[in-house]
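All values below come from the heavy atoms of this structure, side chains included, with hydrogens, waters and symmetry mates left out.
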Amino acid sequence: MNTDSNTLIFCVDNYSISFVQTEIKFLSKHFKKIIIISEEKSKSLGIQNVSEYIIDYSNYKTSRLLFSNFFIFFNLLFSELFACPKYFLFPKTIAAIASNLLRSFYVREELKKIIAKEINQPLMYTFWFNNWATALSLLVKEKSINEYFSRTHGTDLYEDRVPVFGRIPFRKFQLKYVAKVFSVSEKGETYLKLKYPQFSAKILCSYLGTEFHGSNPFDSNAVFTIVSCARIRNIKRIHLLAEIVSLIDFPIKWIHIGSENLNSGDSTIPVYLKNKEKALANKNVDLILTGNLTNKQVFELYKSTQINLFVSVSETEGLPVSMMEAISFGIPILSTDVGGCNEIVTNETGILIPKDFNCKDVAQTINKFSSSELNTIEFRLNIQKFWQLHFDNNKNGAKFIESIVSTTNGI
């Protein structure tokens with residue numbers, strides 16, 4: 001596959017997230033030029049063939065955008081509103097939808113300026129199937145570009161997660177004009193195809209992946225250690241993990257990576273604090289809160305500190321990159337069966353628990369795991385083989401590029 005003559009425009013909310021950077025670094029090896037378009041400035045990646053452009057809203061004028069896009073704006077807006085009459089009970093929601101749509105028209109204008117500077121039309125790719133997809137769909141509709149591609153993950157995919165309305169605005173419009181949309185999980189692919197069967201030919205699965213950074217050390221005589229990695233908030237349910245740890249009846253170390261976010265107003269924070277105190281009162285428990293770590297620091301931790309089990313008790317997920325990173329080091333996973341987690345947490349890599357679990361049952365499951373064949377060096381070696389087969393970024397990235405380039409070339 002040779003894409004050296006191509007330019008790729010990469011649209012993303014922000015590119016400070018580690019797995020977004022992994023994607024960009026891989027793409028930079030296969031395209032002559034990449035232009036990152038974002039709404040949020042991140043630290044420059046320092047890659048020679050990657051340039052960065054931040055959408056400048058200083059010239060954003062609502063009246064001008066409404067005047068120049070009057071008919072299509074109101075056609076799209078009212079089509080969305082009448083598709084879900086419940087919107088009319090919530091004027092603030094209507095205002096927010098209208099505002100986001102106008103921003104998409106503005107982003108379309110900014111993208112057109114960038115495209116006009118290129119000799120040949122670049123490939124257009126958005127990492128999230130959200131407002132970027134609306135802007136790019138507008139460009140396809142008016143024939144300013146031929147096509148665009150998108151990934152989709154969790155919050156930009158599952159409409160039943162949207163409170164009250166259960167829908168993502170302008171989804172049919174996005175699906176009508178996208179060339180292909182790649183779910184990061186098979187579950188997401190199936191969900192989207194069932195919900196929008198008329199667009200099923202455009203919907204595929206393309207796993208993300210991670211790089212290999214080494215193996216996690218294993219010592220059967222060392223203290224049993226679990227790790228969790230998430231910002232503490234309601235859907236991650238770290239408050240329940242704290243309760244689970246408080247019930248453990250053998251020596252255990254719990255390392256939590258991520259901000260406690262205590263002033264967020266999240267309703268689960270008081271429960272988390274209460275359960276954390278219960279865990280600390282358990283003499284079997286050694287709790288280490290690392291706070292936020294860079295991806296490099298996480299990898300250093302995984303290379304230097306024995307970790308017996310990576311634990312996730314989330315209420316919802318897409319297909320977590322944090323799990324891909326863990327299994328690349330050979331670390332087993334215990335996870336709730338939500339989103340696409342059952343595609344990475346299998347009999348070959350760990351243990352799935354129900355979404356609506358009992359904390360005491362999970363504590364007992366961890367106890368059984370500690371003395372099982374899953375907590376052995378042999379099992380961990382097989383985990384790394386599973387990662388190599390399914391979530392090696394070099395393999396998955398090459399397949400993804402082949403998919404979008406073959407479509408563009410009419411293959």
Side-chain angles (χ1 to χ4, degrees), residues 8-13 37 69 71-87 93 96-98 100-108 111-112 121-162 165-208 316 318-319 339-340 399-400 403-408 410:
L8 177 74
I9 289 183
F10 182 86
C11 301
V12 65
D13 294 346
I37 315 293
N69 301 283
F71 291 106
I72 185 172
F73 171 81
F74 282 105
N75 181 50
L76 283 171
L77 180 61
F78 284 116
S79 294
E80 175 63 28
L81 297 182
F82 284 107
C84 180
K86 191 182 293 186
Y87 280 134
T93 299
I97 291 172
N100 284 334
L101 182 57
L102 273 180
R103 286 171 71 90
S104 294
F105 277 98
Y106 184 77
V107 170
R108 177 205 63 179
L111 288 170
K112 285 174 73 171
Q121 189 175 104
L123 277 78
M124 309 294 294
Y125 165 39
T126 171
F127 195 74
W128 303 100
F129 202 42
N130 54 14
N131 290 340
W132 290 106
T134 305
L136 289 164
S137 293
L138 289 167
L139 288 172
V140 175
K141 179 178 173 59
E142 67 182 26
K143 296 182 169 53
S144 293
I145 61 173
N146 295 324
E147 61 192 1
Y148 77 94
F149 305 89
S150 179
R151 284 198 187 272
T152 187
H153 305 257
T155 55
D156 60 338
L157 170 61
Y158 296 109
E159 299 187 52
D160 51 357
R161 296 186 187 179
V162 180
F165 307 104
R167 63 184 287 116
I168 294 175
F170 314 116
R171 179 95 310 168
K172 283 188 177 179
F173 178 71
Q174 296 165 344
L175 284 166
K176 180 179 180 180
Y177 289 104
V178 70
K180 287 183 179 180
V181 57
F182 298 87
S183 168
V184 298
S185 70
E186 290 181 353
K187 180 177 181 180
E189 176 191 11
T190 300
Y191 169 86
L192 207 54
K193 283 182 174 180
L194 288 174
K195 194 166 184 65
Y196 299 100
Q198 67 271 41
F199 301 113
S200 61
K202 297 182 175 186
I203 301 164
L204 303 95
C205 173
S206 176
Y207 285 144
L208 293 173
T316 63
L319 204 167
K399 290 178 183 177
F400 174 71
S403 295
I404 62 176
V405 171
S406 64
T407 299
T408 302

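In terms of modelled atom types and a separation under 3.5 Å, the side chain of Lys202 and the main chain of Val178 share a donor-acceptor contact. A donor-acceptor pair under 3.5 Å is absent between the side-chain atoms of Lys172 and the main chain of Glu80, judged by distance alone. Between the side chain of Lys141 and the backbone N or O of Tyr177, no donor-acceptor pair lies under 3.5 Å. Formation of a donor-acceptor pair under 3.5 Å by the Glu159 side chain with backbone atoms of Ile168 is found in this model. Using a distance-only test at 3.5 Å, with no hydrogens or angles considered, a donor-acceptor pair links the side chain of Asp156 to the main chain of Gly154.
Atom CH2 of Trp128 sits about 7.0 Å away from atom CG of Asp13, to the nearest 0.5 Å. In this structure, CG on Leu139 lies 7.0 Å from NZ on Lys112, to the nearest 0.5 angstrom. We find the CD-CZ distance between Gln174 and Phe199 to be 10.5 Å, quoted to the nearest 0.5 Å. With rounding to the nearest 0.5 Å, the separation of CG in Asn146 from CG in Leu123 is 10.0 Å. Rounding to the nearest 0.5 angstrom, the gap separating the NZ atom in Lys187 from the SG atom in Cys205 is 13.5 Å. Atom OH of Tyr125 and atom CZ of Phe149 lie 11.0 Å apart (nearest 0.5 Å).
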**OP:** Apply the test side chain to side chain contact (heavy atoms under 4.5 Å, CB included) to residues Leu101 and Leu77: give CA-CA distance (whole Å), side-chain angles for both, the deciding distance (0.1 Å), then the verdict.
**Re:** CA-CA 8 Å; Leu101 182 57; Leu77 180 61; 4.3 Å; yes

Subject >> Working for side chain to side chain contact (heavy atoms under 4.5 Å, CB included), residues Ile9 and Tyr148 >> reply: CA-CA 10 Å; Ile9 289 183; Tyr148 77 94; over 6 Å; no

**OP:** Verify side chain to side chain contact (heavy atoms under 4.5 Å, CB included) between Ser137 and Lys176, making sure each step is shown before the conclusion.
**Re:** CA-CA 8 Å; Ser137 293; Lys176 180 179 180 180; over 6 Å; no

**OP:** Evaluate the side chain to side chain contact (heavy atoms under 4.5 Å, CB included) criterion for residues Ile145 and Gln121: first the C-alpha distance (whole Å), next the side-chain angles of each, then the deciding distance (0.1 Å), finally the verdict.
**Re:** CA-CA 7 Å; Ile145 61 173; Gln121 189 175 104; 3.8 Å; yes

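Of all heavy-atom pairs between Ser185 and Gly340, the closest is CB-CA, 4.1 Å. Residues Leu157 and Ser183 approach most closely at CD2-OG, 4.2 Å, considering heavy atoms. Between Phe173 and Thr134, the shortest heavy-atom distance links the atoms CE2-O, 3.9 Å.
Taking the six-membered ring for Trp and thresholds of 30 and 60 degrees, Phe182 and Phe400 have ring planes more than 60 degrees apart, a perpendicular arrangement.
Looking at heavy atoms from C-beta onward, Cys11 lies out of side-chain contact with Val107 at the 4.5 angstrom threshold. Counting heavy atoms from C-beta on, the side chains of Phe129 and Leu175 come closer than 4.5 Å. By the 4.5 Å heavy-atom criterion applied to side chains, His153 and Leu208 are counted as neighbours.
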